[in-house]
Amino acid sequence: MSQKIAQVIVDVPTMQTDKPFSYLIPEELADLIQIGMRVHVPFGRGNRLMQGFVVGFGDAKSQATAGQNLKSIAEVLDFDPVLNAEQLMLADAMRETVFSYKISLLKAMLPNLLNSSYDKILTTEDAVIAQQYFGETQALHFSSLDEKEQALMMKFHREGKISVQYVAQSKATIKTKKRLTLADDIKLDELSMTARAKKRLALQSFLQEQHHAGENAWDYTTLVKLFSRDVVKFFVSEGVLSLSEIEVSRAQAYFDTIVSDEHKVLNAEQETAYQAIIDSQEKPFLLEGVTGSGKTEVYLQVIAHAIEQGKTAIMLVPEISLTPLMTNRFIARFGEHVAIMHSGLSDGEKYDEWRKIKSGKAKVVVGARSAIFAPLDNIGAIIIDEEHETSYKQDSNPRYHARDVAIWRAKYHGAALVLGSATPSLETRARAQQNVYQILRLTQRASAQAEIPEVTILDMRKHLNDKSASFSESLLDKISEKIAKREQVVLMLNRRGYSSFIMCRDCGFVPECPNCDISLTLHMDTKTLNCHYCGYTTGIPHTCPNCQSKKIRYYGSGTQKVEEELSELIPDARILRMDVDTTKKKGAHERILSSFGAGEADILLGTQMIAKGLDFPNVTLVGVINADTALNLPDFRASERTFQLLTQVAGRAGRADKKGEVLIQTFNPDHYAIRLAQAHDYEGFYQLEMAFRRKLNYPPYFYTVQLVMSHQDEDEVVKKSYEIMSLLKANLSDQARILGPIPKPIARTHNLYHYQLLIKYRFEDNLAQALNQVLDLTQVSDNKNLRIVIDNEPQNFM
DNA sequence: AGCACGCCGACT
DNA sequence: GTCGGCGTGCTC
């Protein structure tokens with residue numbers, strides 16, 4: 001008789017184990033086991049228990065397993081599959097483009113709590129050891145021991161003095177609360193108590209009163225607090241009340257305070273966009289709308305339409321935009337059909353939101369990147385707001401881009417996909433040009449009075465201020481003027497590119513790489529300027545190559561320093577600082593914003609995070625302290641990022657009836673990214689930047705793949721990097737360009753040296769195969785300590 | 001990853 | 001001679 005076997009992907013992320021393993025299904029589990037469930041299986045020589053996912057079935061007669069001694073599944077962890085057929089197919093599809101192990105992809109789709117934790121339980125027959133190390137207890141948990149004890153126990157184990165039992169435990173728990181229901185109201189009235197039992201009598205009359213008012217169930221903890229545990233227990237033991245546990249969701253508090261909200265009337269442009277989106281799901285839409293043009297209202301109505309059709313929807317927003325202000329709009333419109341996936345939630349809360357989605361209770365999922373995996377059925381709409389944000393690409397394994405997953409899922413479900421932005425990524429905008437996406441435009445601000453703010457560029461070379469390195473006189477005067485009028489100011493400090501480049505203070509010249517048109521990065525350790533793309537290296541000049549001035553400065557400045565400077569220059573200004581340091585604590589972000597909104601400060605000083613979606617009617621001045629820093633990063637997207645950021649922050653000024661002003665301080669007043677942001681000219685920027693990308697063979701004209709090699713020994717990693725480059729060259733066509741190998745901007749971390757290669761290509765049939773060969777290299781014993789990361793379409797080069 | 005097997009140096 | 005160091009290879 002042939003027994004059924006299961007194909008299991010085990011929780012060991014390595015190349016050699018990246019395939020299904022076959023396990024016998026014990027008789028008693030045969031009926032309940034399904035594809036997509038989690039199991040515990042014995043793995044390896046030690047038969048240690050390991051979590052795995054069932055991805056298929058087969059039978060023991062098949063060729064692959066014939067004559068093998070198969071092990072059996074130890075335990076099934078789920079009553080229902082945690083992964084559905086769509087997710088398993090999606091994982092297969094993602095493996096083609098995301099160079100990651102299948103187990104990592106599957107785990108990325110589930111809340112953390114569904115990953116088992118592993119431990120070993122030690123027991124002993126040896127009386128001496130028992131007395132000395134075990135004390136009162138029968139068994140020890142290996143993980144609770146310190147390193148020395150662990151080593152000692154392993155020694156005892158080798159000597160056969162203690163036995164080891166492997167355990168794997170699912171961490172998922174369902175939060176419950178105790179509830180009391182009235183079991184017998186006649187008994188309640190007849191309950192006999194002496195007059196001395198005051199508390200019992202009090203509870204009796206309380207219950208009678210409530211019962212007459214129509215109440216039949218009470219929260220256990222509340223009653224215990226009101227009376228006492230013993231009194232409540234007495235009623236339970238008498239059979240008057242019965243105790244039960246009901247499930248509660250950990251993340252429901254936010255529904256209490258929200259006032260519900262109705263559709264707003266769409267203007268003509270919004271209406272056209274909305275109709276186009278609900279009419280056809282043939283291709284994705286790019287919704288290009290200026291700040292304040294009412295993209296969100298279009299999203300809300302598209303989602304409402306999907307729900308009316310009995311479908312569901314996913315709304316992705318960047319992590320930093322996922323504020324209560326933002327999510328409340330969705331809750332106000334869709335009530336408790338909304339699930340919020342937020343990094344601020346605890347693992348338990350995330351698990352509860354996931355279960356709410358899985359059970360079908362949630363129809364709309366609002367969340368950051370990973371919410372794209374939400375296990376919704378029958379999706380009618382997927383929306384990605386601020387589509388250009390790089391945070392949609394995960395920068396650790398598995399390195400997937402939420403936009404790509406969205407495209408796949410929208411196709412699978414026949415759902416409408418909307419990519420929205422005021423400043424679309426060049427990749428997306430170019431696809432719209434190619435008619436892969438359909439472009440929809442919103443050109444007017446939704447509220448008629450809100451005018452587009454006037455943007456002034458301050459040339460810092462002419463506005464050098466003796467009193468301050470960060471502020472020009474013009475900006476300081478403007479700030480004082482606004483404060484005097486009791487209006488508010490937002491100041492943005494661009495912290496990207498901290499201290500990593502040099503610039504001439506007289507002419508604004510920044511040295512660039514002769515091969516790559518990218519600014520050189522300052523390396524203080526080697527006293528050189530390096531190009532992070534092609535590896536070009538030169539010394540630090542003592543005089544400016546452009547104007548021969550000696551005023552060469554190293555650049556970089558922190559918010560804290562700027563805040564100190566500002567409070568010295570304008571002593572009576574009340575300043576709120578918002579950056580990574582002041583927003584570390586949970587809720588700090590909201591606290592700062594609501595305090596500023598309440599007028600408790602005159603100036604909000606912050607980093608990039610203040611550029612996103614704030615809407616304060618009293619803000620009439622936005623100042624950008626250093627527009628340049630991001631421009632000088634060794635990244636071909638530097639101009640694009642700068643343009644996007646400036647456009648976004650400029651949108652923060654003058655959101656209501658007061659006209660807004662924007663002041664941008666820069667040493668590169670003629671740079672096109674700054675000029676075109678000033679003119680609010682996205683299309684102009686797109687055309688110009690595309691020309692550069694074409695000339696230099698960068699995306700969207702070329703695709704990119706980055707390889708990062710890491711090793712403890714620098715000579716070794718250089719040697720291996722060149723070997724890998726030759727391997728790639730041999731396998732790819734002449735059209736592919738390979739840049740590098742060069743050291744990463746941060747060349748050594750965790751005691752490892754990192755080198756990178758960048759492949760630019762248009763059509764390479766052999767690319768995947770060549771990259772797999774590179775991965776195979778890590779399996780050769782000679783390369784034991786070499787780590788290789790393959791990043792398809794990298795977004796960041798730091 | 002993590003465990004067993006196995007082949008070499010420093011101790012009884 | 002043997003204990004235990006960690007390099008090598010495998011896990012249904």
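Since the structure is predicted, the reported quantities are computational estimates derived from the model, not experimental observations. Throughout, protein chains are lettered first and strands after them, A, B, ... in sequence-line order, and every chain is numbered starting at 1. Heavy-atom basis, side chains included; hydrogens, waters and symmetry copies ignored.
- Remark on DNA chain C: of its neighbouring residues A:Arg45 and A:Lys71, the 5'-side contact belongs to A:Arg45, judged by nearest-heavy-atom nucleotide.
- Listed by chain and residue number, nothing satisfies the salt bridge (Lys or Arg N to Asp or Glu O under 4.0 Å) test with A:Lys760 (two or more places apart in sequence, or in another chain).
- A:Phe43 comes within 4.0 angstrom of a base, heavy atoms only.
- For A:Gln51 and C:dT11, the CD to P distance is 22 Å, given to the nearest whole Å.
- The distance between atom CE of A:Met15 and atom C1' of C:dG9, rounded to the nearest whole Å, is 17 Å.
- By the ring pair (Phe, Tyr, Trp, His ring centres under 6.0 Å) test, A:Phe702 is found to be paired with no residue, residues two or more places apart in sequence or in another chain being considered.
- Classification of the A:Phe21-A:Phe43 ring pair by plane angle, with boundaries at 30° and 60°, yields perpendicular.
- In this structure, the ring of A:Tyr703 has its center no less than 6.0 angstrom from the ring center of A:Phe763.
- Among the duplex regions that DNA chain C forms, those built from at least three successive Watson-Crick or G-U pairs under 3.5 Å are B:1-11 with C:1-11, ordered by first number.
- Straight-line distance from the CE atom of A:Met50 to the C1' atom of C:dC10: 14 Å, rounded to whole Å.
- Atom P of nucleotide C:dT11 and atom CZ of A:Arg48 are separated by 13 Å, given to the nearest angstrom.
- Partner of A:Val55 under the side-chain contact (heavy atoms from CB on, under 4.5 Å) criterion, chosen from A:Val8, A:Leu83, A:Leu88: A:Leu88.
- In this structure A:Glu86 satisfies the salt bridge (Lys or Arg N to Asp or Glu O under 4.0 Å) test together with A:Arg409, sequence neighbours excluded.
- Bracketed by its first and final contacts, the part of DNA chain B lying under 4.0 Å from non-hydrogen atoms of chain A reaches from B:dA1 to B:dA4 in 5' to 3' order.
- Residues forming a side chain to side chain donor-acceptor pair (under 3.5 Å) with A:Asn115 (at least two apart in sequence, or on another chain): A:Asn112.
- Between the side chain of A:Ser321 and the backbone N or O of A:Val317, no donor-acceptor pair lies under 3.5 Å.
- A side-chain contact (heavy atoms from CB on, under 4.5 Å) with A:Val705 is found for exactly one of A:Leu758, A:Leu771, A:Leu757, namely A:Leu771.
- Atom NE2 in A:His40 sits about 22 Å away from atom P in C:dT11, given to the nearest Å.
- In this structure, the CD atom of A:Gln16 is 14 Å from the P atom of C:dC12, given to the nearest Å.
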